[in-house]
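Working notes, structure below.
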Amino acid sequence: MRDGMNSRILLDAAKSCILASSPVFRRQQFLIRCVGGSTDQRDMQALRSLEVDSQSIIRAITPALDPTRHKGQAGNIAVIGGCREYTGAPYFSAISALKIGADLSHVFCTTDAAPVIKSYSPELIVHPVLEESYNVGEEHKSSIASKVLAEVDKWLERFDCLVVGPGLGRDPFLLDCVSEIMRHARQSNIPIVIDGDGLFLVTNNLELVSGYALAVLTPNVNEYKRLVQKVLSSEVNDIDAPQQLLSLAKQIGGVTILRKGNSDLISDGDTVKSVSVYGSPRRCGGQGDILSGSVAVFLSWARQHILAADSNSNIRFKNPTVLGCIAGSAILRKAASLAFSNKKRSTVTGDIIECLGKSLEDISPAS
């Protein structure tokens, strides 16, 4: 009798261990902690209110392939990034924009990085206009900074969205130039997605984005921690993550923040949404770069959709930055899942990029 009871206890314990180790269970527990930490009815209602129907949003904002449209109307994206040390990140971001469906994708990088990035793909338009301090004498900094800004300004009005930060590095002169580019983009009402070293720049210069509703920040765990410490003068609160994210976005003046994690949380200071579509357990570097390029495209499409939509639009909220974040997060997760199903442990960023097109096609067929 006692042996039978012990066997049942061991069996129940084993089942509990298997359940606790499952990805679905872990995602559920994360979201439950985000909305209060208990599983009563109120918390489950709050959980449902955070999660969005990302596939419906993707279908709504993805433009139809229309033979009457011309080059550039489906998106003209520019990535500001790429230096001597880092050339992969801007490529991943820019090529992801093309793979999602943008017509044109540019990279504004340093002169040293340009030949390398050009060699990755002929599809990208690469501008070798940025400079780092080691290439610029003190007496020439002012004139070269003016030249850099003038070169970017010639193109700026053509872009539907900028991505600032992939592979940017932290050279002081380079960051000063990029700060001016961001100010000009803001004056022209161009959306800006900020990732990587762009977040380092913004965290130390919040006035670059404060109060700008078309700015999107996409921090990872460490970048988010620095933002919270800087803006809220506190530590990250995972127990009340949605409320803290809401406060952070509001405190920066209504920017949209996509907090990357097991479930991506998105807030513009007015609302909080969650995307918890299962992606991949493979955490190869470069996925954040894919996300930044994807968000840029979907954000530009969302703006077009909102401007063109009539009262029959089935999208309940109208902030294009939030819509772009939801769509970009969901499509990356779907592509990562598809890539992992094929490549398992050997999955790398390029494999995920190659799955972006099929992932979008499964949700919003081109035909």
Item to check | Chi angles and distances behind the side-chain contact (heavy atoms from CB on, under 4.5 Å) call for I95, S105 | outcome: CA-CA 7 Å; I95 202 70; S105 192; over 6 Å; no

Checklist entry - Are the charged groups of K343 and D351 less than 4.0 angstrom apart, N to O? => result yes

Next on the checklist: Strictly distance-based, threshold 3.5 Å: is any side-chain N or O of S143 a donor or acceptor partner for the main-chain N or O of H140?
Outcome noted: yes

Next on the checklist: Let me confirm one number: the CD1-CG distance from I190 to N76, rounded to the nearest 0.5 Å.
Outcome noted: 10.0 Å

Checklist entry - Taking the inter-plane angle between the rings of F298 and W301 on a 0 to 90° scale, is it parallel (under 30°), tilted (30 to 60°) or perpendicular (over 60°)? => result perpendicular

Checklist entry - Who passes ring-ring contact (aromatic ring centres under 6.0 Å, His included) against Y212, sequence neighbours left out? => result none

Next on the checklist: If you count every heavy atom of other residues, nucleotides or ligands that lies below 6.0 Å from Q251 atom CD, does the total exceed 12?
Outcome noted: no

Next on the checklist: Tell me if a side-chain donor or acceptor on S294 pairs with a main-chain N or O of I290 at a distance below 3.5 Å.
Outcome noted: yes

Item to check | Residue K334 excluded, over 12 heavy atoms near NZ under 6.0 Å | outcome: yes

Checklist entry - Taking C-beta and beyond as the side chain, do I80 and V163 meet within less than 4.5 Å on heavy atoms? => result no

Item to check | Where V193 and C161 come nearest, the two heavy atoms and their spacing | outcome: CG2-SG, 3.8 Å

Next on the checklist: Test side chain to side chain donor-acceptor pair (under 3.5 Å) on D160 and S300; report intermediate values, then the result.
Outcome noted: CA-CA 6 Å; D160 297 300; S300 66; 5.1 Å; no

Checklist entry - Does the side chain of L104 come within less than 4.5 Å of I77's, by heavy atoms? => result no

Checklist entry - Taking R259 for the side chain and P219 for the main chain, is one N or O donor matched with an acceptor at less than 3.5 Å? => result no

Checklist outcome for this item: Hits for ring-ring contact (aromatic ring centres under 6.0 Å, His included) against F92, two or more places apart or cross-chain, chain-then-number order -> none

Checklist entry - Is a donor on one side and an acceptor on the other found under 3.5 Å between the side chain of D197 and the backbone of F200? => result no

Item to check | Geometric class of the F159/H106 ring pair [parallel <30°, tilted 30-60°, perpendicular >60°] | outcome: perpendicular

Checklist entry - Hey, is the main chain of A241 close enough, under 3.5 Å, to the side chain of D238 for a donor-acceptor pair? => result no

Item to check | Least distance between heavy atoms, P242 atom then V272 atom | outcome: O-CG2, 3.6 Å

Next on the checklist: Does the plane of the ring in W155 sit parallel, tilted or perpendicular to the ring in F108? Use 30° and 60° as the thresholds.
Outcome noted: perpendicular

Item to check | Side chain to side chain, V79 and L124, heavy atoms closer than 4.5 Å | outcome: no

Next on the checklist: Could you check whether any side-chain N or O of S364 sits under 3.5 Å from a backbone N or O of L360, counting only pairs where one atom can act as donor and the other as acceptor?
Outcome noted: no

Next on the checklist: With a 3.5 Å distance limit and no angle check, can you tell me whether D195 reaches the backbone of G165 through a side-chain donor-acceptor pair?
Outcome noted: no

Checklist entry - Do you know which two heavy atoms are closest between I352 and C284, and how far apart they sit? => result CD1-SG, 4.2 Å

Checklist entry - Run the side-chain contact (heavy atoms from CB on, under 4.5 Å) check on L214 and I192 step by step: do they pass? => result CA-CA 6 Å; L214 291 175; I192 310 173; over 6 Å; no

Item to check | Cation-pi geometry met for R333 and Y278 (6.0 Å, 45°) | outcome: no

Checklist entry - Where the side chain of Q244 meets the backbone of E235, is there a donor-acceptor pair that is under 3.5 Å apart? => result yes

Checklist entry - Do any N or O atoms from the side chain of N205 and from the backbone of E207 form a donor-acceptor pair under 3.5 angstrom? => result no

Next on the checklist: Check E361 with K358, please: is the shortest side-chain N to carboxylate O separation under 4.0 Å?
Outcome noted: no

Item to check | Least distance between heavy atoms, L248 atom then L227 atom | outcome: CD1-O, 4.0 Å

Checklist entry - Thinking salt bridges, do K273 and E51 make one under a 4.0 Å N-O criterion? => result no

Checklist entry - Where do R183 and Q187 land on the side chain to side chain donor-acceptor pair (under 3.5 Å) test, with the steps shown first? => result CA-CA 6 Å; R183 291 186 181 101; Q187 290 168 5; over 6 Å; no

Next on the checklist: Around atom CZ of F173, are there more than 12 heavy atoms from other residues, nucleotides or ligands closer than 6.0 Å?
Outcome noted: yes

Next on the checklist: Apply side chain to side chain donor-acceptor pair (under 3.5 Å) to residues S93 and S292 and explain how you reach the verdict.
Outcome noted: CA-CA 6 Å; S93 181; S292 64; 3.0 Å; yes

Checklist entry - Do P320 and I306 touch side chain to side chain, with heavy atoms closer than 4.5 Å? => result yes

Checklist entry - Which residue pairs pass the salt bridge (Lys or Arg N to Asp or Glu O under 4.0 Å) test when at least one of the two sits in residues 117-138, sequence neighbours left out? => result E138-K141

Checklist entry - Do any N or O atoms from the side chain of S329 and from the backbone of I326 form a donor-acceptor pair under 3.5 angstrom? => result no

